[in-house]
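Positions are given from 1, in the same order as the sequence printed here.
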Amino acid sequence: MKLTMAFAFIAFAATASAASANSGMNATFSPLDGIVQGHASAGDTATSVSNPDVTFRVLPSGAVERTNAKYGTVSISDPRAQWGKNRSRDDR
């Protein structure tokens, strides 16, 4: 039983580190992933593949502007600030 638990833990640890949201970017991520996760530069833009009416643009402040042309809505979020909020909650 202990051996089975050890193998399960090792398998989980190996997959969890690769799937971590703050593990950085690699070549397989789309430009939209980079924008939403805060790894893009000001002026970068991307269009959603699943909904071409939705576009994302990085503002000079680093915030991300999400525009839905079909409904005429615009929302702004700051992925770096959101990451900081999540990080501070984890360090209790």
Practice prompt. Start with the C-alpha gap between R57 and T67, add the side-chain angles, then the distance that decides, and say whether side-chain contact (heavy atoms from CB on, under 4.5 Å) holds.
Written response: CA-CA 8 Å; R57 179 173 62 109; T67 306; over 6 Å; no
Practice prompt. Go through F56 and L32 one step at a time and tell me if the side-chain contact (heavy atoms from CB on, under 4.5 Å) criterion holds.
Written response: CA-CA 7 Å; F56 295 82; L32 181 56; 3.1 Å; yes
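Counting all heavy atoms, side chain and backbone alike, P52 lies closest to T47 at O-CG2, 3.5 Å. When every heavy atom of P60 is checked against every heavy atom of A42, the shortest pair comes out as CA-CB, 3.8 Å. When all heavy atoms of V58 and S41 are compared, the pair lying nearest together is CB-O, 3.3 Å. Scanning all heavy atoms of the two residues, the minimum distance from G62 to P79 falls at O-CD, 4.1 Å.
One distance of note links OG1 of T45 with CD1 of I35; it measures 6.0 Å at 0.5 Å rounding. Atom CG in L59 sits 9.5 Å away from atom CG in D78 (nearest 0.5 Å). Atom-to-atom distance recorded for H39:NE2 and D33:CG is 9.5 Å, nearest 0.5 angstrom.
Within the 3.5 Å criterion, the main-chain N or O of S48 finds no donor-acceptor partner in the side chain of N51.
Residues E65 and V74 have side chains in contact (heavy-atom distance under 4.5 Å, counting atoms from C-beta outward).
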